[in-house]
Participant: 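After the structure tokens below, expect a handful of questions from me.
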2 protein chains.
Amino acid sequence: MSHQTLIAYINRQIASPLTEEECALIQEYFVPKKLRKHQFLLQEGDISKWAGFVVKGALKMYTVDETGRENILGLFLENWWAGDRESFANGTPSPYFIDAFEDSELLVMTKEVFNAHFKNQRFVAELTRTLTERQALKLLKRVHATKTLTAEQRLIDLEKTYPEFIQRFPQHIIASYLGMTKETLSRIRAQMIKK
Amino acid sequence: MSHQTLIAYINRQIASPLTEEECALIQEYFVPKKLRKHQFLLQEGDISKWAGFVVKGALKMYTVDETGRENILGLFLENWWAGDRESFANGTPSPYFIDAFEDSELLVMTKEVFNAHFKNQRFVAELTRTLTERQALKLLKRVHATKTLTAEQRLIDLEKTYPEFIQRFPQHIIASYLGMTKETLSRIRAQMIKK
DNA sequence: AAAAAGCGTTGACATAGATCAACGTTCATC
DNA sequence: GATGAACGTTGATCTATGTCAACGCTTTTT
């Protein structure tokens, strides 16, 4: 059943819908993986084993600095791909952690499965192209935003772009994602309510 | 002759080298375009007409805020693609300016040419995939850097990653690219020399 | 039921970096 | 050869945001 979610998602991203065989391939080789809260999908230094689609739940991607502080680089909810694309594609050790922030259900495939069954599928080429392009655009905007916007403007921007983040993740996570401290975020919110 | 530069570049990016016909296609449809210093390749609000490869020269991509300040988002030198991929691909108005910082020579193609002759070439698919992926990785690192590193660390990082930027562009451009003011950059350099 | 952990808030204080302004060089243009 | 940009430097001051610390409220764990 959860495969239907993935199939529907892919169909939304590509020009001509998946054929029967392609659907069958997905159903056969994408396997469910459950992660309980706090379990890791990927740890710093590891080579990403999985390419994963989030069916249910929430995950965060982050680094940890010398003092143990988490720096959130990405948040993933339902209908997102979670993983370090670079590490998965190139087999290089990842600099990131990814863990489940809520109990989550993914559909995952390993690199071997990818190479054996998906690598040369036309829909995979189209899908990855679309996704990478979109990711690049978002990141360029984010670079621009972090450079030019104040903390308050960045929050407002996030409220518009990903309101679901604000509902699903606690403030200190959002703060880190936005590149500010939880105290600053708290103060900004207090101030915005006044207005 | 300048087409040879482009062909050599593409060959470096793809797995199996360009065929004769593919080379011929490039020679026929990529046309030289010269830009004198300060001329625009793209202006805010325009739809990007060109996909361009820099054969010689230097360009900058930036936004301009209400007070007229430039915010540099990207710098392009020889053997780079210059352009707003999103605007070119989707036909949406660009939020960016791109202009020549030195007299420059590009090889460009229009969207029509792209659609008519390149869109379905295998090497184009491979090339754009490689480039977009690489761009996404760089941007993710840049997001992380702007969030976690001090002004000094960002400069050191740039000196390692793109030493040629520092040689070719004046400090106030570098400063803006790094997300700091020219004064801060100047002070940091003075301080670093002392050490 | 108690203890502990996670989360958000508030206050006092510290600081990196921005802003504004003045000045000296170098370089291009008439 | 003079004039004015463009560029970099330095100083004085300002400000947004970070840091540290304490407190209260939930929620989870034992």
Side-chain angles (χ1 to χ4, degrees), chain A residues 36-39 58-60 62-72 75 99-103 144-159 165-195, chain B residues 36-39 58 60 62 64-72 75 99-103 144-159 165-195:
Chain A
R36 306 206 121 255
K37 188 167 180 168
H38 295 133
Q39 281 188 318
L59 298 93
K60 58 186 163 69
Y62 56 97
T63 57
V64 177
D65 70 14
E66 325 75 49
T67 68
R69 254 171 265 237
E70 290 186 6
N71 190 287
I72 308 280
L75 299 173
D99 70 23
F101 183 72
E102 300 173 1
D103 294 351
H144 191 235
T146 0
K147 280 173 68 178
T148 57
L149 304 183
T150 63
E152 178 173 356
Q153 289 170 321
R154 274 177 277 149
L155 175 59
I156 293 172
D157 194 49
L158 184 68
E159 280 171 348
F165 282 4
I166 295 177
Q167 286 146 23
R168 293 280 287 275
F169 294 99
Q171 277 186 214
H172 68 276
I173 300 285
I174 298 290
S176 173
Y177 179 82
L178 287 173
M180 64 184 80
T181 59
K182 58 189 199 315
E183 291 92 338
T184 298
L185 179 57
S186 172
R187 283 186 249 265
I188 283 168
R189 300 190 70 218
Q191 205 186 357
M192 282 171 68
I193 291 166
K194 268 198 224 148
K195 292 183 192 170
Chain B
R36 305 207 121 255
K37 188 167 178 165
H38 295 135
Q39 280 189 318
K60 58 186 164 69
Y62 55 97
V64 177
D65 71 14
E66 325 76 49
T67 68
R69 255 173 264 236
E70 290 187 6
N71 191 287
I72 309 280
L75 299 173
D99 71 21
F101 183 73
E102 301 173 1
D103 294 351
H144 191 235
T146 2
K147 281 172 66 180
T148 58
L149 304 183
T150 64
E152 178 173 357
Q153 290 170 322
R154 274 177 277 149
L155 174 59
I156 293 172
D157 194 51
L158 185 68
E159 281 171 344
F165 282 5
I166 296 178
Q167 286 146 25
R168 293 280 288 274
F169 294 98
Q171 277 185 215
H172 68 276
I173 300 285
I174 298 290
S176 174
Y177 179 82
L178 287 172
M180 64 185 81
T181 60
K182 60 187 196 316
E183 291 92 339
T184 297
L185 179 57
S186 171
R187 282 187 251 264
I188 282 169
R189 300 190 73 219
Q191 205 186 357
M192 282 170 70
I193 290 166
K194 267 197 224 149
K195 292 184 192 171

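Chain identifiers are assigned alphabetically (A, B, ...) following the order of the sequence lines, protein sequences preceding nucleic acid strands; residue numbering begins at 1 within each chain. Values reported hereafter were calculated over all heavy atoms of this structure, with side chains retained and with hydrogens, waters and symmetry mates removed. This one's a predicted model, so the numbers in the text were calculated from it and none came from an experiment.
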Participant: If each of Leu149(A) and His38(B) is mapped to the nucleotide of DNA chain D with the nearest heavy atom, which maps nearer the 5' terminus, i.e. the 5' end?
Facilitator: His38(B)
Participant: Does the side chain of Ser186(B) get closer than 4.0 angstrom to OP1 or OP2 of dG8(D) through an N or O atom?
Facilitator: no
Participant: Which heavy-atom pair separates Ser176(B) from Glu70(B) by the least distance, and what is that distance?
Facilitator: OG-O, 3.4 Å
Participant: Mind calculating the distance between NE2 (His172(B)) and C1' (dA5(D)) to the nearest angstrom?
Facilitator: 12 Å
Participant: Could you check how far CZ of Phe169(B) sits from C1' of dA6(D), rounded to whole Å?
Facilitator: 16 Å
Participant: Measure from the side chain of Ala151(A), starting at C-beta and using heavy atoms only, and say which of dT17(D), dT10(D), dT19(D) lies closest.
Facilitator: dT17(D)
Participant: How many Å lie between CZ on Arg69(B) and P on dA6(D), as a whole number?
Facilitator: 16 Å
Participant: What's the CG-P distance between Asn71(A) and dG18(D), to the nearest Å?
Facilitator: 11 Å
Participant: To the nearest Å, how far apart are Ile166(B) CD1 and dG8(D) P?
Facilitator: 12 Å
Participant: Quantify the bending of the helix from dA1(C)-dT30(D) to dC30(C)-dG1(D) as the angle between its end axes, each fitted on five pairs, to 10°.
Facilitator: 50°
Participant: Mind calculating the distance between CD1 (Ile188(A)) and C1' (dT15(D)) to the nearest angstrom?
Facilitator: 14 Å
Participant: Take Leu185(B) and Lys182(B), find for each the nucleotide of DNA chain C with the closest heavy atom, and name the residue whose nucleotide sits nearer the 5' end.
Facilitator: Leu185(B)
Participant: Of all the heavy-atom pairs spanning Ala100(A) and Leu59(A), show the shortest one and how long it is.
Facilitator: CA-CG, 4.1 Å
Participant: To the nearest 0.5 angstrom, please state how far the CD1 atom of Ile188(A) sits from the CD atom of Gln153(A).
Facilitator: 10.0 Å
Participant: Checking His172(B) now: which residues fulfil side-chain hydrogen bond (donor to acceptor under 3.5 Å, both in side chains) with it, not counting sequence neighbours?
Facilitator: none
Participant: Mind checking whether Thr146(B) and Leu178(B) have side chains closer than 4.5 Å, heavy atoms only?
Facilitator: no
Participant: Which pair of non-hydrogen atoms, one from Phe165(B) and one from Leu75(B), has the smallest distance, and what is that distance?
Facilitator: CZ-O, 3.7 Å
Participant: Nearest-Å distance, CG (Leu155(A)) to C1' (dT17(D))?
Facilitator: 15 Å
Participant: Could you state the atom-to-atom distance from CZ of Arg187(B) to P of dG11(D) in whole Å?
Facilitator: 9 Å
Participant: Report yes or no: is the cationic atom of Lys37(B) (NZ for Lys, CZ for Arg) closer than 6.0 Å to the six-membered ring centre of Phe101(B), at no more than 45° off its axis?
Facilitator: yes
Participant: Under 4.0 Å from a heavy atom of chain B: give me the 5'-most and 3'-most nucleotides of DNA chain C that qualify.
Facilitator: dG17(C) to dA21(C)
Participant: Has the side chain of Arg189(B) got a donor or acceptor atom sitting under 3.5 Å from an opposite partner on the base of dG8(D)?
Facilitator: no
Participant: Is there a side-chain contact between Glu159(A) and Met192(A), using heavy atoms and a 4.5 Å cut-off?
Facilitator: yes
Participant: Please confirm whether the shortest side-chain N or O distance from Thr150(A) to OP1 or OP2 of dA16(D) is below 4.0 Å.
Facilitator: no
Participant: Answer yes if the side chains of Asp99(B) and Tyr62(B) hold a donor-acceptor pair under 3.5 Å, and no otherwise.
Facilitator: yes
